[in-house]
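Chain A is the first sequence line, chain B the second, and so forth, proteins listed ahead of strands; every chain is numbered from 1.
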Amino acid sequence: MSDLKRGLSEAVGTAFAAAGLPAELGRVTPSDRPDLADFQCNGALPAAKRARRNPREVAAEVVAGLAGDTRLAGVEIAGPGFINLKLSDAALSQRAREIAADPRLGAEPVAAPRRVLVDYGGPNVAKPMHVGHLRASIIGESIKRIYRFRGDTVVGDAHFGDWGYQMGLLIGAVTDEKPAVKQAVDALNAGEAVEAEALATFEREVSLADLDRLYPEAAARGKSEPDYRDRARRLTAELQARKAGHFALWGHFAKVTQVALERDFHALGVDFDLWKGESDVDELIAPMVEELDAKGLLVDDQGARIIRVTRQGDKRELPPLLVVSSEGSAMYGTTDLATIVDRNATFGPDQVLYVVDQRQADHFEIVFRAAQIAGYAAEGQLEHVGFGTMNGTDGKPFKTREGGVLKLNDMIVMTRDKARERLHEAGLGAELDPEAFEETAHKVAVAALKFADLQNFRGTSYVFDLDRFSSFEGKTGPYLLYQAVRVKSILRRAADEGVEAGEITISEPAERDLVLLLDAFDQALADAYDKKAPNFLAEHAYKLAQTFSKFYAACPIMTAEPTVRASRLALAQTTLRQLEQALDLLGIEAPDRM
RNA sequence: GCGCCCAUAGCUCAACCGGAUAGAGCAUCCGCCUUCUAAGCGGACGGUUGCAGGUUCGAGUCCUGCUGGGCGCGCCA
């Protein structure tokens with residue numbers, strides 16, 4: 001079962017072929033001029049160019065070949081040679097029934113399903129998530145869902161940053177500040193302490209708030225004080241060598257961080273299949289380095305061991321991949337490379353998508369090249385799906401009014417407060433019990449946050465204005481939910497009155513538009529999939545909601561005469577199903593009432 | 001310095017291999033709740049797509065140069 005666009009493209013392609021022209025020129029797209037047509041084909045123009053003929057003449061030949069297609073209510077040649085196609089109500093009605101009967105709501109699965117791993121979220125141990133993680137989390141989550149829906153076998157991996165220099169910095173900073181912790185760490189390292197007692201000390205002395213406070217200080221000192229930096233590097237190497245005290249303290253860092261991370265991800269409806277971290281591939285690093293060495297790929301340079309990745313034809317010299325630092329510790333790129341080895345062994349992905357900030361493009365280019373050189377990855381198997389930064393109204397990376405980094409949780413709480421306020425204002429939810437009310441407020445907040453982000457193309461940076469969220473009007477997540485809720489309300493009423501949905505028959509313009517939108521789902525999904533860009537799906541969901549709203553205003557459902565009522569009810573129900581499906585793929589859930 | 005990305009309405013963003021009259025939302029103004037939820041619907045206003053060239057029947061889209069902004073460039077992740 002194919003959508004109208006594809007079906008028409010085939011027909012027009014056949015007509016092109018019959019006129020002795022390439023069939024692929026028959027590609028049909030939704031009309032740029034909805035006042036004139038439903039679909040259009042521009043193929044006569046390039047065809048005429050190649051054949052040095054008059055485009056309108058070519059178009060006329062193609063149009064002649066379309067005679068007798070009962071789906072078409074009108075075919076016209078316009079402008080320089082555009083072929084305008086208008087569908088019959090019967091064809092639209094037929095397509096609407098197909099979509100209504102389709103569990104996939106008109107969306108085709110991919111022809112050749114693949115195994116895809118999506119690496120996203122990028123939380124770090126010892127650092128609460130801030131607004132920057134919002135994009136990584138929700139774009140990645142949406143891409144994962146879209147890929148899965150189209151039939152791929154998909155695994156999402158959080159890939160914790162839990163094993164680098166930052167850990168050495170923190171071990172140093174925490175032991176400096178807290179003598180009891182230092183004592184416990186030293187004792188463990190000397191093999192003189194009971195682990196349970198040490199852990200209890202850590203539990204008592206070190207909270208996530210401590211880590212959050214100490215890390216920026218330590219990072220700053222590490223930059224300005226070489227001695228401090230060298231000590232942190234040493235501590236990092238010692239941790240990676242599994243020194244008991246360091247390792248136990250690190251384990252505590254991970255534990256206290258996990259609680260906050262799980263809360264934030266859960267609130268956003270983001271869930272990972274794998275919660276692996278850099279530390280999980282630690283054991284793979286030594287054998288990997290050995291192997292790389294055996295293959296003669298490692299070069300000693302300034303005390304470190306590197307892989308050079310520059311190629312002929314590069315416009316500039318790319319830095320090498322640092323495999324082993326001069327202190328002997330694994331680097332960012334080392335764990336990434338080992339992670340590729342690990343994933344090959346445990347999952348065997350046809351493709352790995354790294355949903356990570358665009359600023360890391362060079363890093364991934366280096367890692368991917370190194371992986372290819374080492375034979376760990378094929379060309380194109382690894383892909384960096386970069387996204388822009390979320391800026392404040394000043395155009396710079398988003399900061400709170402006090403100038404600090406806004407924590408993700410604070411942002412969720414703030415948005416939820418607004419949602420609650422708005423529900424009260426509108427006098428809605430009075431009939432809901434407090435728990436259901438809270439759930440609705442939360443769904444509205446999450447929809448606002450996610451849709452505000454996902455409606456933008458991921459690659460560009462965008463401005464996030466908290467104040468703009470307070471309205472929840474216009475092109476926002478809550479608008480989409482509102483349309484879904486209106487349908488649900490009608491469906492409840494229909495159920496109460498014993499009215500059932502029936503066969504869809506299209507006649508009104510608003511009904512035609514709605515079916516054309518329903519039909520466009522597959523293309524939106526395909527675009528989002530191919531470009532790893534959920535904004536195409538977000539745009540579709542918005543247009544669908546908007547078109548429904550117009551239909552809602554123009555075509556009364558419950559008061560229409562029975563056959564029309566049954567048809568419109570089925571149309572509304574199908575719209576709701578597709579809208580909720582699209583929202584789900586964006587990671588957004590609609591409440592029953594709002 | 002080298003490299004990558006971006007520049008579209010007052011603001012925030014779209015625009016399907018290069019196609020017709022560049023679309024939405026917000027803001028402003030005007031209408032519409034005795035009919036299914038007004039977080040809604042209709043209408044008006046708003047553009048030399050940063051600038052200058054080029055390719056093309058046709059350019060926001062491709063090429064060159066310039067201006068302005070963001071980002072990256074070896075032991076952080």
Side-chain angles (χ1 to χ4, degrees), chain A residues 5 24 27 29-33 35-36 40 42 45-46 48-49 55 78-82 84 122 124 127 161 163-166 169 219 222-223 229 232-233 278 301-304 306 314-322 324-327 329 331-333 335-336 357-363 366 386 388-389 391 393 395-397 422-423 425-426 428 444 452 455-457 459-465 468 471-476 478-479 481-483 485-490 493-494 523-524 526-527 535-536 539 542-543 546 549-550 552-554 556-560 568 572 593-594:
Chain A
K5 180 176 155 171
E24 67 266 21
R27 198 174 66 104
T29 58
S31 178
D32 290 332
R33 294 287 303 274
D35 52 321
L36 300 179
Q40 64 181 332
N42 301 340
L45 283 88
K49 190 175 189 172
F82 303 113
N84 280 338
N124 287 307
K127 286 190 274 187
W163 203 238
Y165 168 71
Q166 63 199 21
L169 274 174
K223 270 188 190 159
R229 182 196 63 201
R233 283 192 192 151
E278 295 166 337
D301 193 89
Q302 299 169 40
I306 64 171
D314 280 355
K315 282 189 179 173
R316 65 189 157 132
E317 196 175 342
L318 220 48
L321 183 81
L322 251 161
V324 185
S325 81
S326 46
E327 291 292 332
S329 50
M331 305 299 295
Y332 184 24
T335 49
D336 274 359
D357 195 314
Q358 189 64 54
R359 286 176 292 191
Q360 295 191 44
D362 283 356
H363 166 74
I366 293 163
T389 49
N391 296 331
T393 41
K396 295 184 175 145
R422 188 70 188 82
L423 281 165
E425 260 173 39
L428 290 167
V444 170
Q455 68 171 299
N456 301 307
F457 177 70
T460 52
S461 299
Y462 74 102
V463 174
F464 182 89
D465 182 359
R468 234 181 325 135
S471 67
F472 292 160
E473 276 156 22
K475 194 172 183 178
T476 64
Y479 172 87
L481 300 191
Y482 181 70
Q483 302 311 333
V485 162
R486 294 217 284 197
V487 183
K488 290 186 181 186
S489 175
I490 292 174
R493 199 180 136 185
Q523 184 62 50
D527 286 341
N535 67 304
F536 289 97
E539 183 67 20
Y542 175 66
K543 278 198 207 149
Q546 201 182 34
S549 195
K550 288 173 205 245
Y552 181 89
I557 298 171
M558 296 309 288
T559 54
R568 287 179 180 170
R593 299 164 206 269
M594 64 182 273

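Remark: ring of A:F82 stacked against base of B:A20; centroid gap under 5.5 Å, plane tilt under 30°.
For A:Y552, the listed nucleotide lying nearest its side chain is B:U37; candidates were B:A14, B:U37, B:C41. Distance from the side chain of A:V485 is smallest to B:U37 among B:U37, B:A77, B:A24. Of the listed nucleotides (B:A14, B:G19, B:G72), B:G19 has the atom at the smallest distance from the side chain of A:D32.
Nucleotides B:C41 and B:A24 have their C1' atoms positioned 16 Å apart, rounded to a whole Å. Straight-line distance between the C1' atoms of B:C45 and B:A38: roughly 23 Å, to the nearest whole Å. Comparing B:A7 with B:U61, their C1' atoms sit 14 Å apart, to the nearest whole Å.
A:Q523 places no side-chain N or O within donor-acceptor distance of the main-chain N or O of A:K5, the cut-off being under 3.5 Å.
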- request: Check the pair A:E327, A:Y165 against side chain to side chain donor-acceptor pair (under 3.5 Å), reporting the backbone distance first and the verdict last.
  value: CA-CA 11 Å; A:E327 291 292 332; A:Y165 168 71; over 6 Å; no
- request: Go through A:S549 and A:R486 one step at a time and tell me if the side chain to side chain donor-acceptor pair (under 3.5 Å) criterion holds.
  value: CA-CA 9 Å; A:S549 195; A:R486 294 217 284 197; 2.9 Å; yes
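Contact annotation: side chain of A:Q40 to base of B:A20, donor-acceptor pair present below 3.5 Å. At a cut-off of 3.5 angstrom, the base of B:C36 holds no donor-acceptor pair with the side chain of A:T559.
The separation between A:L481 atom CG and B:G40 atom P is 12 Å, rounded to whole Å.
Contact between the side-chain N/O atoms of A:R486 and the OP1/OP2 oxygens of B:A38 is found at a separation under 4.0 Å.
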